[in-house]
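Notes follow once the structure below has been shown.
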Amino acid sequence: MKKKLFYVVDLELQHVDGEIEETTGNKTVRVYDMENNVPVIFCTLDLVNTQSSEEEIQEYLDDNGYGDEMFEFVEL
């Protein structure tokens, strides 16, 4: 059975001419695990917008000893 990890993507914004917001090309991906039905931060990844969030989460897992486990990713 696959374990579910939940993630949220926040695009980095900058202000232009005071009122206009535009993206900087960067994003923060926050990954959560559920413990007793409470979301707990699992990891935070700083990425560029062109990087696949799910591929980068999987790479993080592989690099940190979770490569043998099966995960399902759910974007919130």
Side-chain angles (χ1 to χ4, degrees):
M1 183 169 149
K2 290 183 180 180
K3 182 175 182 176
K4 284 188 181 180
L5 291 178
F6 301 88
Y7 69 98
V8 177
V9 177
D10 293 313
L11 298 178
E12 183 178 290
L13 301 175
Q14 67 182 2
H15 293 278
V16 178
D17 294 330
E19 294 184 19
I20 300 171
E21 289 184 336
E22 66 181 18
T23 62
T24 64
N26 298 315
K27 63 184 176 182
T28 300
V29 178
R30 289 180 181 84
V31 182
Y32 297 88
D33 192 6
M34 295 298 287
E35 293 181 9
N36 299 319
N37 290 326
V38 176
V40 177
I41 193 80
F42 185 83
C43 67
T44 301
L45 305 173
D46 293 317
L47 307 172
V48 295
N49 288 345
T50 57
Q51 292 175 289
S52 166
S53 298
E54 291 189 8
E55 287 178 12
E56 293 300 320
I57 293 168
Q58 186 62 59
E59 185 175 320
Y60 173 88
L61 294 170
D62 293 344
D63 291 346
N64 288 279
Y66 299 96
D68 294 334
E69 297 181 43
M70 299 290 291
F71 291 93
E72 177 182 350
F73 304 121
V74 179
E75 183 175 7
L76 302 177

Taking all atoms of both residues into account, what is the closest heavy-atom pair of L47 and S53, and its distance?
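In terms of heavy atoms, the two residues are closest at CD1-CA, 4.4 Å.
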If you look at every heavy atom in I57 and V29, which pair is closest and at what distance?
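For I57 versus V29, the nearest heavy atoms are CD1-CG1, 4.0 Å.
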Heavy atoms of other groups near [X] [atom1], more than 12 under 6.0 Å:
{"X": "E54", "atom1": "CD", "value": "yes"}
{"X": "N64", "atom1": "CG", "value": "yes"}
{"X": "Y66", "atom1": "OH", "value": "no"}

Are V8 and F6 co-members of a hydrophobic cluster defined by side-chain heavy atoms under 4.5 Å apart?
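Same hydrophobic cluster.
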Y60, V9: one ILVMFWY side-chain cluster at the under-4.5 Å cut-off?
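They do share one cluster, since a chain of ILVMFWY contacts under 4.5 Å joins Y60 to V9.
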In Å, rounded to the nearest 0.5 Å, how long is the span from [atom1] of [X] to [atom2] of [Y]?
{"X": "Q14", "Y": "N26", "atom1": "CD", "atom2": "CG", "answer": "9.5 Å"}
{"X": "N49", "Y": "T24", "atom1": "CG", "atom2": "OG1", "answer": "7.0 Å"}
{"X": "E56", "Y": "L45", "atom1": "CD", "atom2": "CG", "answer": "7.5 Å"}
{"X": "E22", "Y": "L13", "atom1": "CD", "atom2": "CG", "answer": "9.0 Å"}

Would you call [X] and [Y] a side-chain contact if the rule is heavy atoms closer than 4.5 Å?
{"X": "K2", "Y": "F71", "answer": "no"}
{"X": "D46", "Y": "E12", "answer": "no"}
{"X": "E69", "Y": "L61", "answer": "no"}
{"X": "Y32", "Y": "I41", "answer": "yes"}
{"X": "T28", "Y": "T44", "answer": "yes"}

If we ignore hydrogens and angles and just use 3.5 Å, is the side chain of Q51 paired with the main-chain N or O of V48 as donor and acceptor?
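Yes.
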